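Structure record follows, encoded as structure tokens.
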Amino acid sequence: MKKFAVIDTETTWGDEVMSIGAAVADFEGDKPFALADKKYYILTPYKDHGGMYTHTLYVNGIKPDFEGSRAQTMKKLREFFTEQKVSLIFAYNALFDYHHLPELKDFQWYDIMKLAAYKQYNKKIPDTADCFNTGRMKRGYGVEDIYRMLSGDSSYHELHNALTDSVDELAIMRMLGLGFDTYKAARID
């Protein structure tokens, strides 16, 4: 079984990580891509430094599973991944999260966007979409746009809360319906 985590981070105005969301699922089994577990972490003191999405840290009454220093948070996150037997990490625009979480560079990282934004992988991209010769869309391939495209739900709005965004990015993977072998093309080295 290939257990994996989808990670999302939110950062401060000073580009420090203030929250991390992690959604765990499996590529195989009875319910591939179904949410198996999730955790939400808020990092102190960064949560108080302000950022574009500070107001979403506790949106809709969401409470963190852990709130503490970066070192404590990374220890808790690694313990969660060990408990869940996670060795693969996925993220939308993964280079952003990868560079902000150097403590997790020993995991195999994959970028969901590297498949979601390409016609050859995302069959819901319309023929009228403006794409490069490579098949990648020139614009409109953010999480919100791709989620709406795949789900048909034009009312969807990304909350910019690390936990809800990680769960939504897992949903994008489920809607794309691509197997692990396909994601090898989206590996970050």
Side-chain angles (χ1 to χ4, degrees), residues 1-10 17 19-41 62 65-66 73-125 134-137 141-153 156 158-189:
M1 296 249 230
K2 292 249 186 245
K3 269 203 163 173
F4 64 95
V6 177
I7 279 189
D8 187 72
T9 59
E10 297 300 335
V17 175
S19 63
I20 304 169
V24 173
D26 200 312
F27 273 104
E28 301 163 347
D30 296 341
K31 296 179 182 177
F33 301 101
L35 180 65
D37 204 349
K38 61 186 177 184
K39 294 284 184 193
Y40 181 45
Y41 306 93
I62 294 172
D65 293 287
F66 181 78
T73 299
M74 297 313 293
K75 183 176 186 277
K76 292 281 188 187
L77 180 57
R78 290 185 76 89
E79 287 170 357
F80 175 55
F81 287 169
T82 298
E83 168 191 310
Q84 291 293 321
K85 297 180 175 58
V86 165
S87 62
L88 312 172
I89 296 176
F90 290 75
Y92 204 93
N93 191 20
L95 281 176
F96 180 84
D97 300 295
Y98 178 79
H99 289 303
H100 281 84
L101 299 172
E103 300 93 335
L104 301 178
K105 286 193 176 177
D106 56 314
F107 287 83
Q108 291 179 26
W109 281 75
Y110 300 85
D111 192 341
I112 301 163
M113 185 176 72
K114 284 188 175 183
L115 300 187
Y118 282 81
K119 286 185 97 166
Q120 54 268 50
Y121 300 112
N122 182 347
K123 302 306 179 198
K124 294 276 184 148
I125 295 174
T134 61
R136 185 174 68 82
M137 297 174 69
Y141 55 86
V143 168
E144 198 164 285
D145 295 311
I146 294 295
Y147 190 100
R148 287 176 177 183
M149 180 187 299
L150 290 167
S151 70
D153 180 1
Y156 167 79
E158 188 177 6
L159 283 180
H160 297 287
N161 169 281
L163 178 63
T164 61
D165 289 359
S166 68
V167 172
D168 290 349
E169 291 164 20
L170 171 61
I172 287 172
M173 291 180 73
R174 183 172 45 257
M175 290 184 279
L176 283 170
L178 304 170
F180 174 69
D181 285 343
T182 306
Y183 276 96
K184 289 178 182 175
R187 182 166 175 180
I188 295 173
D189 291 320

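Atom set for the values below is all heavy atoms of this structure, side chains included, hydrogens, waters and symmetry mates excluded. All values derive from a computational prediction rather than experimental measurement.
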| query | Glu10 side chain to Ser19 main-chain N or O, any donor-acceptor pair under 3.5 Å? | reply | no
| field | Polar side-chain atom of Asp111 near backbone of Asn93 as donor-acceptor pair, under 3.5 Å | value | yes
| request: Return yes if some donor-acceptor pair links the side-chain N/O of Gln84 with the main-chain N/O of Lys38 below 3.5 Å, else return no. | output: no
| Phe180 six-ring face occupied by Lys2 cation (under 6.0 Å, within 45°) | yes
| message | For the aromatic rings, using the six-membered ring if either is Trp, is the centroid distance between Phe27 and Phe90 under 6.0 Å? | response | yes
| message | Can you confirm whether the side chains of Asp168 and Tyr156 place a donor and an acceptor under 3.5 Å from each other? | response | yes
| field | Side chains of Ile146 and Lys124 in contact at under 4.5 Å (non-hydrogen atoms) | value | no
| Do the rings of Tyr121 and Tyr118 sit parallel, tilted or perpendicular, given the 30° and 60° boundaries? | perpendicular
| field | Donor-acceptor contact present, side-chain Lys85 to main-chain Thr82, <3.5 Å | value | no
| Asp97 side-chain N/O to Asp8 backbone N/O, donor-acceptor pair under 3.5 Å | no
| Would you find a donor on one side and an acceptor on the other, under 3.5 Å apart, between the side chain of Asn122 and the backbone of Ala116? | yes
| said: Would you call the rings of Phe107 and Phe81 parallel, tilted or perpendicular, taking 30° and 60° as the class edges? | reply: perpendicular
| query | Do the non-hydrogen side-chain atoms of Leu88 and Lys3 ever get within less than 4.5 Å of each other? | reply | no
